[in-house]
Amino acid sequence: FTGNDFINMGRVGIVTHDYITATITGNTFVKTLDDFGYAVEIGSMSVGSVTGNTISGYDTPAASDGSESAGIYVQNAFTGTLFGSIPSMTKNVTVSGNEIYDCQYAMWIGNGYSGYAGDVDIVVDVTGNNFHNNVEGAVILQDEDAEDGSSVTAAFQGNTITDNNSYGYLIFTQGDGDITATFDDETISGHEIGIVVEDYAAGASTSSYSVQARDCNFAGNNVYGIDN
């Protein structure tokens, strides 16, 4: 999908599921109505690249359960045992050179619903994007169902993450996740917290987290640069 205008396209502008490879480049996604959704959703086993797009206005949480809206949503849901036997796979996604603003979150990576993810490992490279002036935060990074093989590995490099209210990056699980995140040469400024790592397990957690930040600029975050 190249050079298209998606205006008030309902819940999702472009959604891919199952064994789809998508290239989404140079499009404009605008939502002027207060309605839950995503501009681009790369779901389940689908892979691909999302580059050079402009996204705005995906700013309203779901009325049913409060799920977050986002400009770009990359997830591995619907691959768990509840949905049949999905072979083990690596889900590679590239997100680069996009501008996302006036959304609830610029980007949401990972599945947060217990029992929905199987042995599908999300590997995402996020480079050279400009995520600014979003309503609640820039990026959610989460994982659930590590016991069934799910994981998220995300490499963030050279992104400009500014003035996104509460969080630059919000990293968390509900106690059964596996997250690896690296941040290189990032500008993360103008939030309450630049990077926050949380575990929301109701009891004992089995989650694994590996987070590294190198050569980043954390100036101008009001409470913490990094909160672990």
Side-chain angles (χ1 to χ4, degrees), residues 1-18 20-78 91-113 116 122-142 152 154-156 158-170 191:
F1 300 88
T2 304
N4 303 285
D5 291 330
F6 294 84
I7 313 298
N8 292 327
M9 292 298 294
R11 177 175 172 174
V12 186
I14 298 173
V15 58
T16 63
H17 278 287
D18 297 326
I20 300 293
T21 300
T23 302
I24 301 168
T25 304
N27 304 282
T28 298
F29 299 84
V30 177
K31 183 172 281 197
T32 62
L33 306 174
D34 291 329
D35 185 23
F36 168 68
Y38 318 104
V40 176
E41 179 178 354
I42 307 296
S44 61
M45 298 86 75
S46 60
V47 300
S49 62
V50 184
T51 61
N53 303 282
T54 301
I55 299 171
S56 64
Y58 290 78
D59 61 359
T60 305
S64 58
D65 61 3
S67 295
E68 294 84 355
S69 287
I72 299 171
Y73 183 25
V74 178
Q75 46 92 340
N76 60 350
F78 311 110
K91 175 185 173 80
N92 292 301
V93 179
T94 298
V95 176
S96 65
N98 302 283
E99 182 182 13
I100 306 180
Y101 60 95
D102 290 343
C103 296
Q104 188 178 7
Y105 285 87
M107 191 171 181
W108 181 4
I109 301 170
N111 164 64
Y113 303 100
Y116 275 64
I122 296 174
V123 177
V124 58
D125 290 312
V126 184
T127 60
N129 300 280
N130 183 8
F131 299 160
H132 65 92
N133 298 102
N134 293 289
V135 175
E136 293 190 22
V139 179
I140 296 176
L141 186 62
Q142 70 176 139
V152 172
F156 300 93
N159 300 288
T160 301
I161 311 296
T162 55
D163 300 320
N164 298 287
N165 201 349
S166 296
Y167 309 109
Y169 291 96
L170 172 60
H191 313 95

Notebook entry, point to check: Parallel, tilted or perpendicular for Trp108 and Tyr73, by the 30°/60° rule?
Noted result: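 Correct class here is parallel.
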
Query raised in the report: What is the ring orientation for Phe6 with Phe1, classed by angle as parallel under 30°, tilted 30 to 60°, or perpendicular over 60°?
Result: perpendicular

Check whether any side-chain N or O of [X] sits under 3.5 Å from a backbone N or O of [Y] as a donor-acceptor pair, and report yes or no.
X	Y	value
Asn76	Ser44	no
Ser69	Gly37	yes
Asn8	Thr32	yes
Lys91	Gly43	yes
Asn27	Asp5	no
Asn159	Asn129	yes
Ser46	Thr16	yes
Asn164	Asn134	yes
Thr94	Asp125	no

Looking only at side-chain N and O atoms, does [Y] offer a donor or acceptor that is under 3.5 Å from a partner on [X]?
X	Y	result
Asp65	Ser67	yes
Ser96	Thr51	no
Asn98	Asn53	yes

**Request:** For Asp35, enumerate each residue passing the salt bridge (Lys or Arg N to Asp or Glu O under 4.0 Å) test, keeping only those at least two apart in sequence or located in another chain.
**Result:**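 Testing Asp35 for salt bridge (Lys or Arg N to Asp or Glu O under 4.0 Å), a comparison that skips the adjacent residues, returns Lys31.
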
Given the side-chain rings of Tyr101 and Phe131, with only the six-membered ring counted for Trp, is the space between their centroids under 6.0 Å?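 No.
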
Answer with yes or no after comparing the ring centroid distance for Phe156 and Tyr169 against a 6.0 Å cut-off, counting only values under it.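 Yes, they do, as the ring centres are separated by less than 6.0 Å.
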
OH of Tyr38 to OH of Tyr105, rounded to nearest 0.5 Å, is 12.5 Å

